[in-house]
Amino acid sequence: MPPRATKRARPSSPSPSPDPIVAEQIDDEPSASHLVSFLTGYADHHSSASSSGDEGFDAPSDDNDDDDVDVDEEDDLDGTPTKRAKTGLIGTSTPTKKGTPRKRTGSKTPGGGNTPKKTPNKRKLDPLEILEKTEEEGIIRVSKSDRYLAYQSRTSRTSGNSYSSLVKPLSQKQYDTYTASSSAAREEIRPPEQFEERYDQWEMELEEGFNLIFYGFGSKRNTINRFVEKRLSKRGEVVVVNGHFPQMGIREILNSIEDNLSVPQNIKLRSSIINNSSTIERSAHRIYSYFLPPNSIPQAKKKDYPISKNDLYLIIHNLDSTSLRKPISLSVLSLLASSPRIHLIASFDHLHTPLLFSPSLTNTPPHVYGDGSWTGEIPIQRGFNWLYHNLTTYAPYTTELSYLKLSASTHLSLSSSSSTSGISEEGALQILKSVPPMAARLLKLLLTKQLSNLPPEPTHHIAYPPNQVSPIFAVDNDILQSLAKEKFIAREEERYDALIGEYRDHGLVVEASLDGEGRTGRWVWVPLGKAAIERVLETMKEVEV
């Protein structure tokens, strides 16, 4: 029996110290296990690609596939992952450089369907365009009314840009520089001397009973004032009113006439005027009666109606101001303009100012009185009898606009307290109706003392506004307090301060700590003119002092 071949024992594990070069070569050779694993992965990859074909994924390509990273624990002893080449049925795929992954074209969202491309928003047609389109298609025939209604139903398009946001505003220094250079050039275009040849015509029209009103571009103030200075000041009394001043109203105009011309307050008025009219209307009737023609007053009534020797020329710059456009202002001015001896000269800049005057107000001539025909009643007809003159000067409105800054600063400084704003004659009379008897006696004492301190010059007979320096006719507070104590009006200082403080809070009494000579102390006065004080004292006849 032949001997049996003995089987050699197969090593269960490689030798403990193999040659590294030989081991590397062995690992690089494709083995059966590598081939099986690659085929399995290749089949799985294609099956997943085919199953997801409906979802929009493309088959893998050698150029676009991402590189696979495999960690070879046997080769990389440090644990660093290394890239392995893909080996498959066709051959070996060389790993590409890692970079920014390319964007796949034709990709779809997981929800299915291609991502729709954004289409530009079409402009929505307005109703008029829709109507015209339907007309072109021959559907309907568009009429004029259809076009009008479609045009009115369109949405308006307004711009959000404003001029103030597009243009950088000028500083105050730049504005003053540009205004000064422009004013110097504009003043030379038509200087006031150029209009002297018209003085004879204007003067003749005033003598014939017309009143003059001037319009045109540019300030007319210097030209009119030059005419008044050269001609009218030699013919009679002149009162110039700056209507562009914000606080100038018809009450201030009447007070200025009465104070500057010393209009008597004892002029007789009809009982209907005294009982049924306001203070402004009574003042206007007194001024009208004061400038009546001398021969119209009967000899028996000359004592009741003192007459002025000269005519009155009333100059109003900017008759179109806000305060003078009121109906009461126009009514009073028309009454004064109807007087045969009151001549009105005015100017305006607003385009629609002539609309303020009706044809009857514009064309009504002044009143005519015969010898001894005055009965004390003013005729009902009244008007301005205007003659319009173009007075384009191109001069800058420097003085007119300067009052805007003054008004702004005045309102800012006076808005914190009402005690510094003064009061009108109507306000004083209204306060007197609600004060106790002792307070009324103290006010009458102050008015009487202030009236006695007035100098004879008419320049001091106007209302003196609140100021840090007291006027010359102000009353010393210590003297007034001692007089109030002697007359048993206020025996104690606290009582006197309470009474005078109540008037000060209402603006009826103002005070200053410095007089015109520079002396310090406490001076009080009532901010009303001489004529207004006399009228207030007339209403206080029953109040004892």
Side-chain angles (χ1 to χ4, degrees), residues 202-213 228 231-233 235-241 243 249-270 272-274 277-298 301-302 304-316 319 324 327-346 356-358 360-387 531:
W202 297 345
E203 195 171 3
M204 182 187 65
E205 292 171 350
L206 291 174
E207 290 179 357
E208 295 297 327
F210 294 98
N211 296 310
L212 308 182
I213 185 168
V228 171
R231 297 293 183 89
L232 301 184
S233 61
R235 299 175 61 89
E237 307 291 344
V238 176
V239 175
V240 180
V241 178
I250 189 62
R251 182 189 297 109
E252 285 73 23
I253 294 177
L254 298 178
N255 292 339
S256 178
I257 295 174
E258 289 187 327
D259 296 336
N260 290 316
L261 304 182
S262 299
V263 177
Q265 300 298 309
N266 58 351
I267 295 178
K268 186 177 181 180
L269 300 177
R270 297 180 64 87
S272 59
I273 300 298
I274 297 175
S277 61
S278 62
T279 307
I280 295 177
E281 294 175 346
R282 291 195 296 268
S283 178
H285 280 76
R286 273 193 298 267
I287 296 174
Y288 181 94
S289 303
Y290 185 61
F291 287 97
L292 285 171
N295 57 352
S296 64
I297 307 297
K301 297 183 179 180
K302 287 186 177 294
D304 297 332
Y305 296 95
I307 301 298
S308 176
K309 298 180 181 180
N310 301 320
D311 292 0
L312 172 62
Y313 293 91
L314 181 59
I315 317 300
I316 301 179
L319 183 63
L324 298 181
I328 181 62
S329 301
L330 297 177
S331 176
V332 170
L333 290 177
S334 64
L335 173 63
L336 298 181
S338 300
S339 173
R341 297 184 61 197
I342 298 179
H343 311 282
L344 186 59
I345 301 174
L356 296 174
F357 311 109
S358 62
S360 60
L361 283 178
T362 302
N363 303 320
T364 301
H367 301 154
V368 179
Y369 295 96
D371 296 340
S373 61
W374 173 250
T375 60
E377 185 176 357
I378 300 176
I380 301 176
Q381 296 81 9
R382 59 180 65 180
F384 293 96
N385 202 22
W386 287 126
L387 279 182

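For reference, positions follow the sequence shown, starting with 1.
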If only atom types and distance count, is the side chain of Asn385 paired as donor or acceptor with the main-chain N or O of Gly209 below 3.5 Å?
yes
State whether the side chain of Ser289 and the backbone N or O of His285 hold a donor-acceptor pair below 3.5 Å, judged by distance alone.
yes
Please confirm whether the backbone N or O of Ile280 pairs with a side-chain atom of Arg251, one donor and one acceptor, at under 3.5 Å?
no
Can you tell if the side chain of Ile345 reaches within under 4.5 Å of the side chain of Trp202, non-hydrogen atoms only?
no
Is there side-chain contact between Arg231 and Leu206, with at least one heavy-atom pair below 4.5 Å?
no
Main-chain N/O of Thr279 paired with Glu281 side-chain donor or acceptor, under 3.5 Å
no
For Ser331, side-chain hydrogen bond (donor to acceptor under 3.5 Å, both in side chains) partners two or more places apart
Arg382
Residues passing the side-chain hydrogen bond (donor to acceptor under 3.5 Å, both in side chains) test with Glu205, sequence neighbours excluded, are Gln201, His389
Heavy-atom donor-acceptor pair, Ser338 side chain to Gly383 backbone, under 3.5 Å
yes
Between the side chain of His367 and the main-chain N/O of Gln381, is any donor-acceptor distance below 3.5 Å?
yes
At their closest point, which heavy atom of Leu254 faces which heavy atom of Ser283, and how far apart are they?
CB-OG, 3.7 Å
Residue of the set Asn363, Leu361, Leu319 for which side-chain contact (heavy atoms from CB on, under 4.5 Å) holds with Phe384:
Leu361
Is a side-chain N or O of Arg286 found less than 3.5 angstrom from the main chain of Glu258, in a donor-acceptor match?
no
Considering all heavy atoms, the nearest Ile274-Leu269 contact
CD1-O, 3.7 Å
Within a reach of under 6.0 Å around NZ of Lys301, are more than 12 heavy atoms found that belong to other residues, nucleotides or ligands?
yes
Has Ser256 got a side-chain atom pairing as donor or acceptor with Glu252's backbone, closer than 3.5 angstrom?
no
Tell me every residue that passes salt bridge (Lys or Arg N to Asp or Glu O under 4.0 Å) with Asp259, counting only those two or more places apart in sequence or in another chain.
none
